[in-house]
Amino acid sequence: MNWGVLSTAGIGRQQLIPAIKRSINGRVSAIASRGDKAKQIAAELDIGRAYTSYEELLADPDIQAVYIPLPNSLHKQWVMEAAKHGKHILCEKPAALNENELQEMLDTCKTHGVRFMEAFMYQFHPQHQKVRDLITQGEIGEVSLIRASFSFLLQDDPENIRLNKQLGGGAIYDVGCYCLHSIREILQEEPIRAYAHARHNAAHVDTTVAGTLSFASGVEATFDCSFDQFPVNRYEVIGSTGKIEVLNAYRPDKNLDGAGLLRISKSNGETHEMHIEGDQYKLQVEHFAEAVLENKPLFYTEEKMLNNIRAIDACYKSIETGEAVRL
């Protein structure tokens, strides 16, 4: 599949473009920027075509799919524009800033017959299926609690899009969305109640958030995310007879072998660890290309995308009102 990349954002240069090059069913054929930077990046990364506007790339008839790593506030505009040009779309998370935006994007993609998926790359790492398998096999008894954390220290730079409210900045949108996503995916259940509170910077952007999700099954979940803390990316599933800690939950690619680390502790004193290798960015782009080229269903469905943005919306509403929100 011939990919085009809309923008020269770091996540594209450092992760997605190399992943597509490692993939067995894709090639990066073009990159676009607003201005001349795409020409420089194309030369550095050996990409055949560089365009000085996004519109030019979308008009290229050879491009079958686009990857969109633009600021969150621009996702809706360019997903819809790409759909109108008949391009399949992999868009960075969060795909939209609220449920209404996402529904409009999904409807437009359906109208124009293109595939659209939000780029939650972490979920393609095999360690998470292993966690679900262990739970199903009863390795930790009956699950009662999940804790998820994703944080890193971000310098207070007004030029950073993560700290720009107008561009869709905020800790929940940037890293908390992974916590909410992983809790729901591991449980295979949607929350019925959400509560969250936040610390904001001077620009009114949430920089640290902590919250809870409640589920009809009786499971409770807690999450925290931050731009102000020591780097953490993990979740923990606690059951009646043991617990599973996923120590490199969202960015195992930072390890040389891309391995996730699971630690299973049992109430009888047994503890053991599992190293599970996986190239999550490569697995993501291969899955998307396979779905497009062979007309197969996407693992990450429209319903799953909508359910995650509903959880995000509920958390932001709770922060605004100071009250728990029912979903």
Side-chain angles (χ1 to χ4, degrees), residues 120-153 171-172 175-197 208-226 228-281 283-284 299 304 307-308 311 315:
F120 270 107
M121 78 301 176
Y122 91 94
Q123 67 185 317
F124 291 91
H125 197 287
Q127 65 177 336
H128 308 292
Q129 184 58 53
K130 184 62 178 179
V131 172
R132 287 190 288 268
D133 291 344
L134 290 168
I135 292 170
T136 301
Q137 292 160 12
E139 285 295 310
I140 59 170
E142 184 176 348
V143 173
S144 59
L145 180 69
I146 297 185
R147 292 193 281 248
S149 301
F150 198 173
S151 63
F152 65 98
L153 184 61
I172 291 183
V175 284
C177 60
Y178 288 99
C179 299
L180 299 172
H181 192 281
S182 59
I183 289 167
R184 296 173 36 263
E185 284 297 306
I186 292 303
L187 288 178
Q188 296 287 286
E189 186 181 1
E190 298 306 323
I192 60 171
R193 177 182 175 276
Y195 174 73
H197 54 95
T208 295
V209 178
T212 62
L213 301 176
S214 301
F215 295 83
S217 63
V219 176
E220 295 291 325
T222 67
F223 73 91
D224 60 86
C225 57
S226 182
D228 303 323
Q229 297 172 182
F230 182 82
V232 175
N233 78 106
R234 59 179 290 163
Y235 65 80
E236 183 178 19
V237 187
I238 303 171
S240 54
T241 62
K243 67 178 180 178
I244 303 167
E245 298 169 87
V246 186
L247 302 179
N248 303 314
Y250 310 114
R251 294 302 307 273
D253 57 287
K254 289 183 175 288
N255 301 326
L256 290 177
D257 58 3
L261 175 60
L262 309 187
R263 180 180 298 140
I264 299 97
S265 304
K266 307 290 280 292
S267 55
N268 62 7
E270 293 179 9
T271 299
H272 65 280
E273 294 183 347
M274 296 182 181
H275 291 260
I276 301 174
E277 293 186 12
D279 187 341
Q280 59 188 19
Y281 285 103
L283 290 168
Q284 175 182 245
F299 165 76
K304 289 182 176 182
N307 283 336
N308 204 60
C315 288

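Starting from 1, each residue takes its place in the sequence as its number. This one's a predicted model, so the numbers in the text were calculated from it and none came from an experiment.
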Would you find a donor on one side and an acceptor on the other, under 3.5 Å apart, between the side chain of Glu139 and the backbone of Ile244? no
Where is the tightest heavy-atom contact between Ile183 and Thr222, given as atom of each residue plus distance? CD1-O, 3.9 Å
Is it the case that atom CD in Glu142 sees more than 12 heavy atoms from other parts of the structure closer than 6.0 Å? no
Output the distance between atom CD (Glu245) and atom CD1 (Ile264), rounded to the nearest 0.5 Å. 9.5 Å
Measuring from atom CD1 of Ile135 to atom CD1 of Ile146, what distance do you get when rounded to the nearest 0.5 angstrom? 6.0 Å
Testing the basics here: between Arg251 and Asn233, what is the closest heavy-atom pair and its distance to 0.1 Å? N-OD1, 2.9 Å
Would you indicate whether the side-chain heavy atoms of Leu180 and Pro191 approach each other to under 4.5 Å? no
For a 4.5 angstrom cut-off between non-hydrogen side-chain atoms, does Glu273 reach Leu261? yes
Of all the heavy-atom pairs spanning Gln280 and Asp253, show the shortest one and how long it is. NE2-OD1, 3.0 Å
Is the shortest side-chain heavy-atom distance between Glu185 and Arg132 below 4.5 Å? yes
Decide yes or no on side-chain contact (heavy atoms from CB on, under 4.5 Å) for Val246 and Arg234, but give the supporting numbers first. CA-CA 5 Å; Val246 186; Arg234 59 179 290 163; 5.8 Å; no
Should Gln123 and Gln284 be marked as a side-chain contact (heavy atoms from CB on, under 4.5 Å) after you check the CA-CA gap, both sets of side-chain angles, and the distance that decides it? CA-CA 8 Å; Gln123 67 185 317; Gln284 175 182 245; 5.8 Å; no
Backbone N or O of Phe230 within a donor-acceptor pair of the Ser151 side chain at under 3.5 Å? yes
Residues Cys225 and Val175: closest non-hydrogen pair is CB-CG2, 3.8 Å
Audit row: His125, Leu283, side-chain contact (heavy atoms from CB on, under 4.5 Å) steps and yes/no: CA-CA 8 Å; His125 197 287; Leu283 290 168; 5.8 Å; no
Aromatic centroids of Tyr235 and His128 separated by under 6.0 Å: yes
Point-to-point distance, once rounded to the nearest 0.5 Å, from OG of Ser265 to CD of Glu236: 8.5 Å
Any side-chain heavy atom of Ile238 sitting closer than 4.5 Å to one from Arg147? yes
Which pair of non-hydrogen atoms, one from Thr241 and one from Gly141, has the smallest distance, and what is that distance? OG1-N, 3.1 Å
What's the spacing between Lys130 NZ and Ile276 CD1 if we round to 0.5 Å? 6.5 Å
Check Leu134 against Leu262 and note the closest heavy-atom contact, atom names and distance. CD1-CD1, 4.4 Å
Any sub-3.5 Å donor-acceptor pair from Glu220's side-chain atoms to Thr212's backbone N or O? no
Short side-chain to backbone donor-acceptor contact, Glu189 and Phe215, under 3.5 Å: no
Using the ring pair (Phe, Tyr, Trp, His ring centres under 6.0 Å) rule, pick out the option among Phe124, Tyr122, Phe120, Phe152 that qualifies with Tyr250. Tyr122
From Asp228 atom CG to Leu153 atom CG, the distance as rounded to the nearest 0.5 Å: 7.5 Å
Report yes if the side chains of Gln229 and Thr208 come closer than 4.5 Å at any heavy-atom pair, otherwise no. yes
Derivation of the side-chain contact (heavy atoms from CB on, under 4.5 Å) call for Ser182 and Phe150: CA-CA 11 Å; Ser182 59; Phe150 198 173; over 6 Å; no
